Amino acid sequence: MRLDHVQVSCPPGGEDVARAFYGEALGMTEVEKPELLKPRGGCWFKAGDAEIHVGVEAGFTPAKKAHPALAVDDLDGLAAKLANLGYPVTWDNETIPGRRRFHTADGHGNRIEVV
């Protein structure tokens with residue numbers, strides 16, 4: 001078994017904010033959604049085997065606890081880049097011994113962990 005993708009939500013019309021975070025800030029590649037799903041809105045991103053699907057949700061509320069965790073090669077570099085772009089970076093290197101990580105939030109307030 002392997003994880004195929006994780007979906008997070010955004011409010012209607014929030015695709016450009018999602019593109020700024022997942023595409024530009026994280027450097028993920030936007031992938032085209034299947035034709036039958038395009039009318040629903042949202043956007044999909046991929047990096048390596050990791051996929052994040054951003055779906056439009058009426059009555060959107062950001063996920064503050066549930067979150068994807070992304071493994072990167074340059075943790076410090078990405079933390080600096082996100083901070084420079086104005087995204088929050090909260091380090092947590094004590095909770096899980098031996099694991100360096102931080103939490104951030106996408107442009108809609110969804111929690112994202114980076115290890």
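Just so we're clear, the structure is a prediction, and the values are computed from it rather than from any experiment. Numbering of residues begins at 1 and proceeds along the displayed sequence. Computation of the quantities below employed the complete heavy-atom set of this structure, encompassing side-chain atoms and omitting hydrogens, waters and symmetry-equivalent molecules.
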How would you list, by chain and number, every residue that makes a side chain to side chain contact (heavy atoms under 4.5 Å, CB included) with [X], sequence neighbours excluded?
X: Val72; result: Leu75, Leu78, Val114
X: Thr29; result: none
X: Glu35; result: Glu32, Lys38
X: Leu3; result: Val6

Worksheet item: Does any pair with a residue in residues 68-84 pass side chain to side chain donor-acceptor pair (under 3.5 Å), and if so which ones, sequence neighbours excluded?
Response: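 For residues 68-84: Asp76-Arg100.
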Over all atoms of both residues, closest heavy-atom pair of [X] and [Y]:
X: Ala79; Y: Trp91; result: CB-CZ2, 3.5 Å
X: Glu57; Y: Ser9; result: OE1-OG, 2.7 Å
X: Val54; Y: Ala18; result: CG1-CB, 3.9 Å
X: Gly23; Y: Phe45; result: N-CE2, 3.9 Å
X: Arg111; Y: His67; result: O-CB, 3.1 Å
X: Val31; Y: Lys46; result: CG1-CB, 4.0 Å

Practice prompt. Mind telling me whether His5 and His53 have parallel, tilted or perpendicular rings, with 30° and 60° as the class edges?
Written response: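 Geometry flag for His5 against His53: parallel rings.
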Heavy-atom distance under 4.5 Å between the side chains of [X] and [Y], does that happen here?
X: Leu85; Y: Phe21; result: no
X: Ile52; Y: Leu70; result: yes
X: Val56; Y: Glu15; result: yes
X: Ile96; Y: Arg101; result: yes

Linking I/L/V/M/F/W/Y whenever their side-chain heavy atoms sit closer than 4.5 Å, directly or via other members, would [X] and [Y] fall into one cluster?
X: Met28; Y: Tyr87; value: yes
X: Val89; Y: Ile112; value: yes
X: Phe102; Y: Leu26; value: yes

Worksheet item: Between the main-chain N or O of Pro39 and the side-chain N or O of Lys33, is there a donor-acceptor pair closer than 3.5 Å?
Response: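 It does not hold such a pair.
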Worksheet item: What's the spacing between Asn110 CG and Thr104 OG1 if we round to 0.5 Å?
Response: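 One gets 11.0 Å once the value is rounded to the nearest 0.5 Å.
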Worksheet entry | Pair listing, salt bridge (Lys or Arg N to Asp or Glu O under 4.0 Å) test, anchored in residues 16-31, at least two apart |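 Those involving residues 16-31 are Asp16-Arg19, Arg19-Glu30.
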Worksheet item: Is the number of heavy atoms from other residues, nucleotides or ligands within 6.0 Å of CG (Asp4) greater than 12?
Response: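 Enclosed: over 12 neighbouring heavy atoms sit under 6.0 Å from CG of Asp4.
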